Amino acid sequence: MELDPLFLSRIQFAFVVCFHAIFPVFTIGLASFIAVLEALSFKTGNPLWQKLSKFWIQVFAVVFGMGVVSGIVMSFQFGTNWSNFSYATANFLGPVLSYEVITAFFLEAAFLGVLLFGRDKVPQGVHLFAAIMVALGTFISSFWILSANSLMQTPGGLELRNGMYHVVSWSEALFTASFTYRFIHMALASFLTAALVVAGVSAWFILQKREFDTNRKALSIALWMLLILAPLQVVVGDFHGLNTLKHQPMKVAAMEGNWQTDTGVPLILFAIPDQQAQTNHFEVKIPKLASYVLTHDWDGEVPGLNEVAPDMQPPVFIVFWSFRIMVAMGLLMVVFAIWGLLLRYKGNYHRSRRFLQGLRLMSLSPFIAVLAGWVVTESGRAPWLIYNQMTHAEGLTPSLTGGMALFTLIGYILVYAMVFSAGVYYLLKVFRGGVEKANRPHEQDEVERAKRPFSAAHASLEGDN
Amino acid sequence: MEQPFDLTLIWAGIIAFGVMMYVLMDGFDLGQGILFPFAPDEHHRDVMMNSVAPVWDGNETWLVLGGAGLLAAFPLVYSVFLPALYIGVFLLLAGLIFRGVAFEFRFKAKTSKYLWNWAFAGGSTVAAFAQGAVVGAYIQGFETENFRYVGGALDWLTPFTVITGLGLVAGYALLGATWLIMKSEGEVQQWAYKLAPRLLLMVLVVFAVISVYTPFVDPYVKTRWFSGFSAIWLLPVLALYCAFVIFNALRKRQEGMPFVATMGLFLFTYLGLLASKWPYMVPPNYTLYDAASAFESQLFLLLGFLFVIPIVLAYTAWTYWVFRGKVKAGGYH
């Protein structure tokens, strides 16, 4: 079989970006959580907040380090595998990515050093300021990246001249039609990720009866966050979906598994989409509900996949099921948010073993939801790299062969597998050490060094330490 | 669009400066990794790693900025070099990842320490070689058609690029050794003093080979250098003078001068290289003006640089001040 460089490049990009994405989505939310803890500590002087902050800063340091290492690859990936795309969009993409580096990466790198190692070197207010700057940096970074992504989804502000896009309006190019929805949806997802990981880890500590009062506080904050954010995310997600319907109707058709443009379209709960036969098998559906959700009219007309030729449709099975996984995770979060509220009302959210065990499992749910969500939006854009303007095939590097793409695909998988297993192994050790170890005075004087993410964590790589 | 002033030239200056900064800064810390396997014991390795631990990842942020800046100001360079050097870029990134992770884990490790030593040494050496090969590939030129790279996957790998690759490995090792002289004391420093002259000799040999070889590889370079005497001959003369200063400073056991003079050696070699190919940015077909992005894009980013970079430098300087003072040997745990 001939190796297809296009297919392999898409797999490679999906792999690299998925691997990378799980780190920032967590650190964006966690940075804000740490800033809140530092602010509470600053305001109340209660040592409990600082204890918590010291532990979560360690977790942040490790995850941030893995994000930086995996992120270096991303800035070169555009050029190696998608050089036609990079060249065509460079007038926009180049400045945007450069701005990300100078407004976000340097900010994070510099103030992270102070956050990690400066607690005893700067006044508490300055330390709090550093925490806020790191949190701000993570948001600025996501602003530029989501702006670039939104332009690929809903292009605007550009003009094509001699094979290269030229920016005719920076404000239109930076803030395209889908940007605001995407940014809010993603920001909420990051907060939810942090809330659920904090809740899950705190629940685990509470089950082990470790640092009960401290971890109960963290759990309480996380559950309030979950209660506000989870339902809000459902609403924001719905608006984002309506925006997508307006600008990328084929993506929504694939999400709904809707093959024919029709009125009074049912909402499909379960189906096995069959792209070849252009139909679904084993459908379970609720009559007219999709029409109502998407048009707010029981008999509204909803576009179907038959509006474009089969080879211009997104991969329906993948989009359809990723969407359902994302929604299921979101609804589970809402269930846990309400369950937590009811338990709190009875005063025993920190005693119900079933609830705490459930929260432990739920700490994986935001990562599943975020990855599934990105698969929906990226695969749903297919075959377009820039919606309705440039296909994946047109964006590919012309000189790329299947062998080259396969070589680097395997290479990145091996490299990341090693980095990831070392990182996760180490992260689990930080978790096992818990709040207690993060607050233990060190045996030796700490060597003065700035900007070393992992050296903020005190666990040893092997054995117990 | 009529350009009121030559932004492309300004950007060429910025990028050239940025590349030089990256080479000097990441050079001495990559050099630690290259010298790692030759260190007599773990104590030497601890000192070597500690001497660069606080700064290496800041240095690599400049590499990311370099990649993004090239895409913004000279997209043709980005979209020809990366596909042409596809395998080399992968090796470079894999090398940088391995050594980055080794920085984080080596001090946490006990029984697995030797593994992280190898990751650090291997990653650094591969990354340095790949960067040297990029330089060689740039001199060689690229097979392009209609603003696209059309050559093969391994066109860049020739005897010439192997020599430039090894040359940069030796050069970074020299930078690393002279840095270590400046930053260490006692037996580690003595060891670095012993290494440095040998490394300098290797660098000079490669320097000579490349100088003789390049005009044969590239007729453009030949006419540039041999069509009458010109001021550019000053550059190799200055480079050789720097080599002489290094030898002298090492003999006199000076601490700072070897490193400073090595930076000078790099600078003049680099300028000589740029002078050889000027104004070609994607040789042999495209000059910097062919490679440039749109005027509006260059302007949009330049304005940002003018406002943001001073702020970046200010808070970076502030954090260095917060952590001022000597770096001690012995690991963090």
Side-chain angles (χ1 to χ4, degrees), chain A residues 65 68-69 72-73 75-76 79-80 83 86-87 90-95 97-103 105-106 109-111 113-114 117-118 121-122 166-167 170 397-401 404 407-408 411 415 419 422 426 442 444 446-455 458-463, chain B residues 50 53-54 57-58 60-61 64-65 67-69 71-73 75-76 78-79 82-84 86-87 89-90 93-94 96-98 100-101 104-105 107-112 147-151 153 293-294 296-297 300-301 304-305 308-309 312 315-316 319 322-323 325 327-328 330-333:
Chain A
V68 169
V69 167
I72 296 177
V73 176
S75 66
F76 291 91
T80 51
S83 70
S86 312
Y87 186 69
N91 283 328
F92 173 75
L93 210 57
L97 295 179
S98 301
Y99 266 109
E100 187 191 14
V101 180
I102 61 172
T103 58
F105 290 173
F106 283 114
F111 284 99
V114 179
F117 308 106
K121 292 184 189 296
V122 295
H166 288 251
V167 180
W170 283 101
T397 297
S399 59
L400 189 68
T401 63
M404 289 157 75
F407 172 79
T408 52
V415 172
V419 173
Y426 187 64
H442 325 312
Q444 298 167 340
E446 197 172 334
V447 180
E448 292 181 7
R449 64 187 64 251
K451 302 196 281 185
R452 300 282 4 93
F454 283 28
S455 54
H458 301 300
S460 156
L461 199 57
E462 315 105 2
Chain B
N50 276 347
D57 60 347
E60 284 181 9
T61 308
V64 177
L65 180 61
L71 178 63
L76 189 66
Y78 186 87
S79 67
L82 290 178
Y86 190 82
I87 305 289
V89 169
F90 167 75
L93 295 177
L96 290 178
I97 289 174
F98 269 112
V101 174
E104 308 293 6
F105 284 126
F107 283 111
K108 312 283 180 202
K110 287 172 193 149
T111 49
S112 64
F147 297 97
R148 307 274 187 275
Y149 177 69
V150 293
S293 62
E296 307 84 50
S297 298
F300 180 68
L301 189 58
F305 265 60
V308 180
I309 291 289
V312 170
Y315 63 62
T316 305
T319 58
V322 168
F323 296 103
V327 175
K328 293 165 212 126
Y332 45 86
H333 50 98

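All chains are named by letter (A, B, ...) in the order of the sequence lines, taking the proteins before the strands, and each is independently numbered beginning at 1. Being a predicted model, the structure only gives us computed values, none of them experimental.
- A pairwise comparison of heavy atoms in A/Ser98 and B/Leu65 identifies O-CD1, 4.2 Å as the closest pair.
- In this structure, A/Phe111 and B/Tyr315 approach most closely via the heavy-atom pair CE1-CG, 3.8 Å.
- Closest non-hydrogen pair, A/Ser399 versus B/Pro83, comes out as OG-CB, 3.8 Å.
- For a residue to count as touching a neighbouring chain, one of its non-hydrogen atoms must lie under 4.5 Å from one of that chain's; by this rule A/Val73 touches chain B with backbone and side chain alike.
- Residue contact with chain A, scored on non-hydrogen atoms closer than 4.5 Å, involves the side chain of B/Ile309 exclusively.
- In this structure the side chain of A/Ser83 never reaches within 4.5 angstrom of the side chain of B/Leu82, judged on heavy atoms.
- Heavy atoms of B/Leu93 lying under 4.5 Å from chain A belong exclusively to its side chain.
- Contact count against chain B (heavy-atom pairs under 4.5 Å) is highest for A/Ile102 among A/Ile102, A/Val68, A/Val122.
- Annotation for B/Leu71 and A/Ala90: closest pair O-CB, 3.4 Å, computed over non-hydrogen atoms.
- Note: A/Asn91 leads A/Asn91, A/Leu97, A/Ile72, A/Val101 in heavy-atom pairs under 4.5 Å with chain B.
- At a 4.5 Å heavy-atom cutoff, the contact between A/Thr397 and chain B is made by side-chain atoms alone.
- For the pair A/Tyr87 and B/Arg148, the minimum side-chain heavy-atom distance is below 4.5 Å.
- With A/Tyr99 contributing its side chain and B/Gly304 its backbone, the two residues share a donor-acceptor pair below 3.5 Å.
- When all heavy atoms are compared, the tightest approach of B/Phe90 to A/Gly411 is CZ-CA, 3.3 Å.
- With a 4.5 Å cut-off on side-chain heavy atoms, A/Trp170 and B/Ser297 count as touching.
- Here B/Tyr86 contributes atom OH and A/Phe76 contributes atom CZ; the two are 14.0 Å apart, rounded to the nearest 0.5 Å.
- Using a 4.5 Å cut-off between heavy atoms, B/Val308 contacts chain A through its side chain alone, with no backbone atom that close.
- With a threshold of 4.5 angstrom between heavy atoms, A/Leu400 approaches chain B through side-chain atoms but not through N, CA, C or O.
- With contacts defined as side-chain heavy-atom distances shorter than 4.5 Å, the pair A/Lys121/B/Val322 qualifies.
- Among all heavy-atom pairs drawn from A/Ala422 and B/Phe105, the shortest one is CB-CE1, 3.6 Å.
- Side chains of A/Val167 and B/Phe300 form no contact here, defined as non-hydrogen atoms less than 4.5 Å apart.
- Top candidate by heavy-atom pairs under 4.5 Å with chain A, chosen from B/Ala73, B/Ser79, B/Gly67, B/Gly69, is B/Ser79.
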